[in-house]
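Just so it is clear: chains get the letters A, B, ... in the order the sequence lines come, proteins before strands, and each one is counted from 1.
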Amino acid sequence: MTELFLRAIFADNLVLSYFLGICTYLAISKRLETALGLAAAMIAVQTVTIPINQLILNGLLIEGAWGWLGLPDVDLSFLKLIAFIGVIAAVVQVLEMALDRYAPALYRALGIYLPLITVNCAILGGSLFMAERHYGFGESVVFGLGSGIGWGLAIALLAAIRERLRYADVPEGLRGLGITFVVTGLISMGFTAFATVTLP
Amino acid sequence: MSLRRTLTRPLISDNPVTLQVLGICSALAVTTSMTTALTMSLALTTVLTASSGIISALRRQIPPQIRLILQITIIASLVIVTDLVLQAYAFAISQRLSIFVSLVVTNCLVLGRAEAFAMHNPVGVSMADGLGNGLGYSLILMAVAFVRELLGLGTLFGQPVLPGPDAGGWFQPLGFMLMAPSAFIVLGLLIWLIRSRWTAQVEENEYPLHVAEVRR
């Protein structure tokens with residue numbers, strides 16, 4: 001479990017080694033403060049949606065899930081894509097209402113980032129990886145938390161670097177998007193070093 | 001805007017990936033070889049053209065309040081069909097593409113074109129726009145895959161181009177090109193290349209240095 005957790009944060013980082021959620025990663029990383037807000041929203045949504053999707057996948061969609069009803073041949077796994085998206089949209093909506101009711105300060109801090117996350121490929125990608133790698137319920141909780149933290153860590157690092165990069169004398173054509181990609185590449189290179197780290 | 005301009009503008013001068021930063025989520029992971037990049041490009045271009053056409057045809061029937069969920073459902077259905085076709089006729093490649101074909105659903109490019117173009121324009125123009133943007137995306141994907149596969153393995157589409165040491169050649173493959181960081185850096189340099197030719201795309205400097213501060 002600890003190994004899965006650390007792998008999800010570092011070696012299998014969703015942005016830096018699977019390129020998931022890059023659109024949001026590049027668009028909302030101009031300031032560290034907003035990046036941290038998005039990171040918090042990401043961790044919350046990832047930790048909730050992946051286990052829920054795991055339950056839905058194994059309870060309703062995979063082959064044989066309807067065996068207790070006398071329908072052992074029904075295989076609905078082709079529906080998993082639509083089911084996952086529906087679950088993510090619904091969870092984000094519910095989370096938004098719950099936060100608004102019970103933690104208004106946090107709700108205001110997260111602001112528009114929660115709804116934005118619905119169309120973030122990292123969230124859907126996390127659920128699809130869970131399905132592809134056949135995680136159990138406990139594993140999916142750990143994987144959700146870890147991958148959320150990993151994504152948040154990556155965006156916070158990039159935002160901090162970009163805040164300083166604004167004052168740098170970057171070559172004309174590389175300014176803005178170009179240099180951001182190169183910096184992301186360098187961060188990603190640093191993270192690959194963790195791939196060889198194993199726990200004692 | 002003429003049909004031809006709609007089709008060719010997104011190729012370089014208004015490219016969805018390098019200028020609008022749309023749709024790179026799923027783009028970079030499949031660029032380790034040109035075969036997977038080509039399959040992914042075909043899948044995305046098909047989905048984008050078809051979804052633009054369908055959404056544009058339904059644009060008067062779609063109520064504005066629930067348009068996003070309807071658009072996502074249409075796109076998701078098309079993606080599932082594409083995924084199943086790939087699994088049926090090109091199983092080996094679909095295994096290598098892993099989850100990335102499914103991720104076309106959340107590709108900002110597809111939803112972005114549906115929302116920005118197909119909802120307001122007739123079917124023919126919308127499909128041309130979808131096709132043009134799909135081709136613009138494919139162009140970048142293939143360019144990155146070309147560099148990564150050529151330098152990483154010395155092959156193109158799996159065919160040996162630069163002879164490696166095993167075949168008695170001189171080329172030492174760069175393992176780094178097959179790892180994730182190289183995709184970011186290659187794309188960054190590609191953007192640099194495009195912007196030094198099409199200078200209109202260069203971004204404003206937020207805090208320009210005063211001339212006296214720059215040592216030349």
Does B:Leu42 CG have over 12 foreign heavy atoms under 6.0 Å away? yes
Could you give the distance from OG (A:Ser188) to CE (B:Met179), rounded to the nearest 0.5 Å? 7.5 Å
Top of B:Ala183, B:Pro181, B:Ser182 for chain A proximity - count of heavy-atom pairs under 4.5 angstrom: B:Pro181
Are more than 12 heavy atoms, taken from residues, nucleotides or ligands other than B:Phe146, located less than 6.0 Å from that residue's CZ atom? no
Sort B:Ile194 into side chain, backbone, both or neither according to what part of it lies under 4.5 angstrom from a heavy atom of chain A. neither
Roughly how far, to the nearest 0.5 Å, is CD1 of B:Ile185 from CG of A:Leu186? 5.0 Å
Okay, A:Leu26 and chain B: the region with an atom under 4.5 Å from a heavy atom over there is side chain
Given B:Ser102, B:Ala76, B:Ser196, B:Ser77, the one with more heavy-atom pairs under 4.5 angstrom with chain A than any other is B:Ser102
How many angstroms lie between CZ in A:Arg175 and CD1 in B:Ile191, if you round to the nearest 0.5 Å? 14.5 Å
Interatomic distance, A:Phe181 atom CZ to B:Leu189 atom CG [nearest 0.5 angstrom]: 11.5 Å
If I measure from the heavy atoms of chain B, does A:Leu81 come under 4.5 Å with its side chain, its backbone, both, or neither? side chain
Under a 4.5 Å heavy-atom cut-off, does chain A meet the side chain of B:Ile72, its backbone, both or neither? side chain
Would B:Phe184 and A:Phe19 count as a ring-ring contact (aromatic ring centres under 6.0 Å, His included) here? Give the steps. CA-CA 9 Å; B:Phe184 290 112; A:Phe19 313 99; 5.1 Å; yes
Applying a strict 4.5 Å limit to non-hydrogen atoms, the region of A:Thr192 in contact with chain B is side chain
Per-residue contact mode, A:Glu132 against chain B (heavy atom under 4.5 angstrom): side chain
Inter-residue atom distance A:Leu174.CG - B:Arg195.CZ, 0.5 Å rounding: 9.0 Å
Selection from A:Leu177, A:Ile179, A:Ile123 maximising heavy-atom pairs under 4.5 Å formed with chain B: A:Leu177
